[in-house]
Novice: 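Shown below is the structure under consideration.
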Amino acid sequence: MSPTAVLEVLSAGPLTTIQDLGRPGHAAWGVGASGAADRRSLRLANRLVGNAEHAAALEVVLGGLHLCAHRAVILALTGARCDATVDGRPVGHNSVLSLRRGQVLRLRTPATGLRTYVAVRGGIDVEPVLGSRSTDVLSGLGPAVVAAGSLLPVGAPPPAFPNVDFAPVPDPPHDEVTLQVTLGPRDDWFTPEARDALLRTSWTVTPDSNRVGMRLSGTALARAVCGELPSEGMVRGALQVPPTGLPTLFLSDHPVTGGYPVIAVVVDADVDRAAQLRPGQTLRFRTIHQPRTR
Amino acid sequence: MSMRFLPCGDSAVLVELDDLDAVLSLHAELASEPPPGVVDLVPAARTLLLRVDSRQVDVDAVTRAVAALRPRGERQRDVRTVEIPVIYDGEDLSEVGRLTGLGERGVVAAHTGQTWTVAFTGFAPGFGYLIGEDDRLHVPRRANPRTRVPTGAVGLAGEFSGVYPRESPGGWQLLGRTHRRMWDLQRNPPALLAPGVRVRFVEVPAR
């Protein structure tokens, strides 16, 4: 075992990756920003353990993570609330907890929400790639996906001490969610009926969803312009509409450029909420003030 | 230079420009002196996307700053010319020869006989979409994409040529292969190509 290995992964659940706030700034080389799908929850987890907000933590999809500590560590769990235990004893969510050497943290499947963040004081200290420790599942950049047997190094504790031990944050909801969008950049490529349908009908998250994007089912959105769009830059939160007419809501590992029109973009803070939606859950979009561009 | 600003959420703005040249000029200008709060620039064929940290700045403020820019010419542009040696033994070479009416040797002559420009990147780290000087090699994508295209494969699709930086699925018509590495994390910068870089393909014998 490497001398720095502190957390041993006994079970990784459906998908556990290492994530920080990503690697923006390299798009001109075709490198996406990646980073935590629900950045607000990552930031909260890091604040709880006294880390810088951008420290690397674990992003756990639908629980199932079992971790054994090889030395005493301080942890925090945020995002989707799992029944979590340390050596069988229940521990809190959105709060600070400690593991002694040899103790095992177990996360069960969350009742609501999709992604749980496990921050450790000092941060997960794998080798950064282009300034980030995030795994980008689309490009393959960053550390390997966490698997049973993974040994995770933890960095030196930061000078700051945790100054809160509990954060009152609502759990991700189990019912319909409304996300705020701004129309554009290519809403004029769609019929007025399609723009109406986007904002007035309900959409369902399909199982064909991952860190790249969430495919939605609902009313197909018809195009008013038939030509081909020259590829253009994409953003997290973009609602890109392929020829099927059914939008994909891009998350952190979205492609850098894309050739299908984007009818609207979910505002940044609401992409974090979108990242907690499960397949089968429904959502609606409503516009906020339109930026004074165009 | 005319600029049209299209809304793109609360953390980005899409600037639409007249042509690729205008995109590359504005990209070079903003890359050398990024306006405060701009965290990433994504040049494309006709647009430049500015991603901003909305916790630091308002996207409208960035829009105003860019609208007020006085273009200072092309002196900062990346105008390197990169040579890419190619073994022209691709599986689609004869099909491209038929589609274009140039024949296999004519395709190789057309591919090596013009200067290509990296218009934009995407698809994978290090992948550049290259635009040539004429339309002789414009061919559709393959009707049946391959599930596995090897690293270094050189292909054509639509108006573009490109080199696969790593093994991946793909629908481009394959002309040949290169041993030059498009993406190497041990190199600084890791990407051989960047928007605006010129590319010449050079035929080399199989070794």
Side-chain angles (χ1 to χ4, degrees), chain A residues 21-33 39 43 53 127 129-130 136 138-142 180-188 228-239 250 254-259 262 264-271 287-294, chain B residues 4-16 20 27 31 34 38-51 53-55 58-60 63-64 67 78 118-129 158-160 165-166 168 182-183 185 189-196:
Chain A
L21 290 177
R23 53 180 72 82
H26 308 298
W29 298 337
V31 174
R39 295 196 282 199
R43 287 188 173 112
E53 284 190 336
E127 194 62 33
V129 173
L130 299 176
D136 183 333
L138 184 69
S139 72
L141 288 181
Q180 302 190 89
V181 298
T182 61
L183 288 178
R186 301 293 174 190
D187 53 316
D188 55 350
E228 246 189 86
L229 180 74
S231 283
E232 60 192 23
M234 290 288 136
V235 294
R236 183 176 174 266
L239 288 164
F250 278 151
H254 67 82
V256 177
T257 53
V262 170
V265 177
V266 176
V267 302
D268 200 48
D270 281 4
V271 182
T287 50
I288 57 162
H289 83 283
Q290 200 70 355
R292 288 180 299 279
T293 49
R294 196 188 285 275
Chain B
R4 191 166 156 245
F5 295 91
L6 302 179
C8 200
D10 62 346
S11 300
V13 59
L14 188 67
V15 188
E16 197 166 55
L20 178 62
H27 176 247
V38 171
V39 294
D40 218 342
L41 297 166
V42 193
R46 234 93 63 233
T47 55
L48 180 66
L49 176 73
L50 281 71
R51 295 202 192 115
D53 180 351
S54 57
R55 292 161 26 122
D58 185 84
V59 75
D60 286 339
T63 300
R64 283 193 299 272
D78 191 347
V118 182
F120 57 96
T121 59
F123 174 63
F127 188 91
Y129 289 81
E159 60 181 315
F160 300 111
R166 57 152 206 236
S168 59
M182 296 293 113
W183 179 256
L185 276 170
L192 183 65
L193 305 180

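As the structure is a prediction and not an experimental result, all values here were calculated from the model. Letters A, B, ... mirror the listed sequences (proteins, then strands); counts begin at 1.
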Novice: Report which part of B:Pro34 has an atom under 4.5 Å of a heavy atom belonging to chain A: side chain, backbone, both, or neither.
Specialist: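 Neither part; nothing is under 4.5 Å.
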
Novice: Could you give the distance from CG (B:Leu6) to CD (A:Glu232), rounded to the nearest 0.5 Å?
Specialist: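 CD of A:Glu232 is found 7.5 Å from CG of B:Leu6.
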
Novice: With a 4.5 angstrom heavy-atom cut-off, which part of B:Glu159 approaches chain A: side chain, backbone, both or neither?
Specialist: neither

Novice: Measure the spacing between CD of A:Glu53 and CZ of B:Arg55 and express it to the nearest 0.5 Å.
Specialist: 5.0 Å

Novice: By a 4.5 Å heavy-atom criterion (distance strictly below it), what part of A:Leu130 contacts chain B: side chain, backbone, both, or neither?
Specialist: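 Only the side chain of A:Leu130 comes within 4.5 Å of chain B.
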
Novice: By a 4.5 Å heavy-atom criterion (distance strictly below it), what part of B:Ala12 contacts chain A: side chain, backbone, both, or neither?
Specialist: side chain

Novice: Do the side chain of A:Thr257 and the main chain of B:Thr121 share a donor and acceptor less than 3.5 angstrom apart?
Specialist: yes

Novice: Could you give the distance from OH (B:Tyr129) to OG (A:Ser231), rounded to the nearest 0.5 Å?
Specialist: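 Result: 5.5 Å between the selected atoms.
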
Novice: Let me confirm one number: the CZ-SG distance from A:Arg186 to B:Cys8, rounded to the nearest 0.5 Å.
Specialist: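 Rounded to the nearest 0.5 Å, the CZ-SG separation comes to 9.5 Å.
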
Novice: Using atom types as modelled and distance alone, determine if a side-chain donor or acceptor of B:Arg51 lies under 3.5 Å from a backbone N or O of A:Gly25.
Specialist: no

Novice: Here's a test for you: under side chain to side chain contact (heavy atoms under 4.5 Å, CB included), which of B:Pro125, B:Pro165, B:Pro190 qualifies with A:Trp29?
Specialist: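 Of B:Pro125, B:Pro165, B:Pro190, side chain to side chain contact (heavy atoms under 4.5 Å, CB included) with A:Trp29 is met by B:Pro190 alone.
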
Novice: Is B:Leu14 in contact with chain A via its backbone, its side chain, both, or neither, using a 4.5 Å heavy-atom distance?
Specialist: side chain

Novice: By a 4.5 Å heavy-atom criterion (distance strictly below it), what part of A:Val262 contacts chain B: side chain, backbone, both, or neither?
Specialist: neither

Novice: Give, as side chain, backbone, both or neither, the part of A:Pro24 having an atom under 4.5 angstrom from any heavy atom of chain B.
Specialist: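 Both backbone and side chain.
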
Novice: Looking only at atom types and distance, does a side-chain atom of A:Asp268 sit under 3.5 Å from a main-chain N or O of B:Asp10, one as donor and one as acceptor?
Specialist: no

Novice: Using the side chain to side chain contact (heavy atoms under 4.5 Å, CB included) rule, pick out the option among B:Val42, B:Asp40, B:Leu49, B:Val13 that qualifies with A:Val235.
Specialist: B:Leu49

Novice: Quick one: of A:Arg236, A:Gln180, A:Arg43, who has the most non-hydrogen atom pairs under 4.5 Å with chain B?
Specialist: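 Counting heavy-atom pairs under 4.5 Å, the top option is A:Arg43.
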
Novice: Looking at every non-hydrogen atom in both residues, tell me the closest pair between B:Pro195 and A:Ala28 and how far apart they are.
Specialist: CD-O, 3.2 Å

Novice: Let me know if B:Leu48 has heavy atoms under 4.5 Å from chain A in its side chain, its backbone, both or neither.
Specialist: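 Neither part.
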
